[in-house]
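Encoded as C-alpha cells, the structure appears first; notes follow it.
Every chain is numbered from 1 and lettered A, B, ... according to where its sequence line falls, protein lines coming before strand lines.
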Number of protein chains: 2
Amino acid sequence: MAIDFKQDILAPVAQDFAAMDQFINEGISSKVALVMSVSKHVVEAGGKRMRPIMCLLAAYACGETNLKHAQKLAAIIEMLHTATLVHDDVVDESGLRRGRPTANATWNNQTAVLVGDFLIARAFDLLVDLDNMILLKDFSTGTCEIAEGEVLQLQAQHQPDTTEDIYLQIIHGKTSRLFELATEGAAILAGKPEYREPLRRFAGHFGNAFQIIDDILDYTSDADTLGKNIGDDLMEGKPTLPLIAAMQNTQGEQRDLIRRSIATGGTSQLEQVIAIVQNSGALDYCHKRATEETERALQALEILPESTYRQALVNLTRLALDRIQ
Amino acid sequence: MAIDFKQDILAPVAQDFAAMDQFINEGISSKVALVMSVSKHVVEAGGKRMRPIMCLLAAYACGETNLKHAQKLAAIIEMLHTATLVHDDVVDESGLRRGRPTANATWNNQTAVLVGDFLIARAFDLLVDLDNMILLKDFSTGTCEIAEGEVLQLQAQHQPDTTEDIYLQIIHGKTSRLFELATEGAAILAGKPEYREPLRRFAGHFGNAFQIIDDILDYTSDADTLGKNIGDDLMEGKPTLPLIAAMQNTQGEQRDLIRRSIATGGTSQLEQVIAIVQNSGALDYCHKRATEETERALQALEILPESTYRQALVNLTRLALDRIQ
C-alpha cells in the first residue's frame, strides 16, 4: 500500500508545527528590515520540512517529553537548512528554487551571503538557549563538516576522476550530516545517549539514499515534477553517482564522452549521456546502492522502542525510496 | 612622544603570538585540501592582528592566568574576523586586500562563501571547547548583530537620507561589535563579570572611533598608505560620516552633488566631493566625533586595575586616533 505523507509520516507531529513555525518566525525577527524580509522569503520557500519532521519524530521516539525543546531544536534544524540553501543558491548561481525566485535572484548575491550568515548565527543563538553543551559540540562540529562537504563538492566539480568514495564523502557532508544532526541531536536533547549512535547511523544512511535518489532523478524523465530540471548536475560538471557508475561500466568512446561532459560541464551532450547512463546499467547500480542505504537506515532504527514515531521514520524512509520505483 | 606599536602595545602579549597562531593553524586544518589552502591564504593576509591583541590584553588586564584559554579566545576572534573579511570581499567584489589578491579573486565567489562558512563554524567549534555557556551566548548574540550590521550597511548603500544615527548602528555592527566580543569575552573568560560592561563600553567606543577614522581616511590624501584607495566608499555609494556631515553643513548645489554621488555611486565627481567634504567643516566634525569616542573609550578603561596590559590598551586607543593627526 502506498505511503501517504500526511497520514503516515506527518500526523504524529502535525500538532508541533504551529509552535515550530512560531520559533522560526521569532528566530528570523530582526530590527533590520532587509534581514527580515529576505529571511521570511527563504523560510517560506521551504519544502515539506523533512528535516524538522525527522527531528521531532526522533525526539519523541526517544521519549522526549519537553515539547518546547523538541520544537525549538526542529526550528534550529530548519534554520540551518535554510541558511545552507541560501548560500548554495549563491554558489550555484540559481535563479529558482521550488519554482520561486531565490534570494540572490530577488535581491542580490551580497544580501544572500549576509542573510545566510545571519541565519547561521541565529540558529546557534537559539541552540545556546537550549543550554546543552553536548548538543552544542555536536552541532558546531557538524556545521564545520557540512561546510567542508560543500567545498569538497566544489573541488570535485569538473573532475572525472572523482571516485565513489569521494562522492560518498561529498553527499555525507552536503546532505546526510544535517539529517544526522536532526536525529542525533534529538537523542542528546532527550537525554538518551544510548540512541545517539543508532539515530546517527539511521540518518546518515537515510541521507545517502536520499541524495543518491536525487542524483538519479537528475538523469530520469520524471524529474521535472520535483522542481529539478534534468541535466542540472551535468550542466555544472558535477560527478554524481550515475556518471561515476557509468564510467565504471563503459570504456572507449562512451567512457570518454562522460569524462569530457564532466570536465567541460554544459548539456550539449545531455541526450547521449542519458542514454549511456540508462543503457550501461549505471542506474541499476544507483538503485541498488540507494536500496542498500535505505535498508541500513531501517536496520539502525530497530534498536529504538516501537512507537508511532519510530514507525513514521520508517515510513518516511520508505517513501523517499519510492521516488525511484 | 609617539607611540610605538611593537614596544608600547604588542610587547606585553608578544610571547602569546606563537601559541595563538598555532591555535589558528589547528583551527583551519581540514581534510579537504581546498578548505585549508583558502583558509591559510586569508589568515596569512591578516594585518596587525589588532583584535586578538586587544583580546589578550583585556584578558590579562582582568587577571586571567590561564594563558592557553586567553590565546584560544584570541585565535577565535581572529578566525571570526577573517571569516567576515572573506564574505565582505565577496559582497564588495574586492580583488585586493592589503595588496594581496582576495579569496574570491584567487579562487571564486563560491569558494569564498563556503570557506567563510567553514571559518564561522570552526570558530564556534573552538569556542564550545572553552566550555563556558555565558561566553557562548555572548558570541552567538554578537555574531547575529554583526551580520545585521552588515546587512544594514547594504540597505543604506545609495541612500542619501541615511542619518548619523543609522551610520552609528552600521559601524557598531560591522566594526565595534567584534571588538566588544574580544574584550567583553575576555572578562567573561577571566571570570570577572564586573569588567564585562566597562570593557564592552571601551571596545564599543574604540571601534566607533576606529571606523570613523577609517571613513575619514577614505577622503584624505594619505589614505593609500593604508592599502585603501581614496574614494572606495564613494565608489560604492556608502553614506559614511564625512558625507553625512557634509550634507548637514551645506545646502543647494553642494548638498545636491553629495546626495547624487551617494545615490549613483561612482567616482566621476570625486574631486568635487572631496573639496566639499574638506571645505564644509565635515572633516572637522568627524575628527571631533572620533576624539569624543576615543575619550569615552579611555574613560571606560579607568575602572580596571592599573597594569601594563591596561596601559597597552590605552596606547592602542591613542595610536588609532593618531592616524588622523
OG-CD1 distance between A:Ser140 and B:Ile120, expressed to the nearest 0.5 angstrom: 13.5 Å
Distance in Å, B:Phe118 CZ paired with A:Ile146 CD1, rounded so as to fall on 0.5 Å steps: 13.0 Å
Spacing of A:Phe124 atom CZ and B:Leu136 atom CG [to the nearest 0.5 Å]: 9.0 Å
Gap between atom OG1 of A:Thr111 and atom CG of B:Leu154 - 0.5 Å precision: 4.5 Å
Atom of B:Leu114, atom of A:Ala147 and distance for their closest heavy-atom approach: O-CB, 4.1 Å
Residue pair A:Glu148 / B:Val32: nearest heavy atoms and the distance that separates them: O-CG2, 3.7 Å
Any B:Val90 side-chain heavy atom under 4.5 Å of A:Asn109 side chain: no
Side chain to side chain contact (heavy atoms under 4.5 Å, CB included) assessment of B:His87 paired with A:His87: CA-CA 11 Å; B:His87 281 183; A:His87 281 183; 4.0 Å; yes
From B:Thr141 atom OG1 to A:Arg122 atom CZ, the distance as rounded to the nearest 0.5 Å: 8.0 Å
Pick from B:Asp125, B:Thr84, B:Leu34, B:Val113 with the largest number of heavy-atom pairs that fall under 4.5 Å of chain A: B:Asp125
B:Ala33 versus chain A, the contacting section by heavy-atom distance below 4.5 Å: both
pair A:Asp129-B:Lys137: side-chain heavy atoms closer than 4.5 Å: yes
Heavy atoms from other residues, nucleotides or ligands near CG of A:Leu96 exceed 12 (cutoff 6.0 Å): yes
Smallest separation among heavy atoms of B:Asn132 and A:Met133, with atom names: N-CE, 3.6 Å
Engaged part of B:Leu152 at the chain A interface, taking heavy atoms whose separation is under 4.5 Å: both
Flag side-chain contact, heavy atom, 4.5 Å: A:Asp117 against B:Asp117: yes
Heavy-atom pairs under 4.5 Å with chain B, option from A:Glu150, A:Gln169, A:Glu145 with the top count: A:Glu150
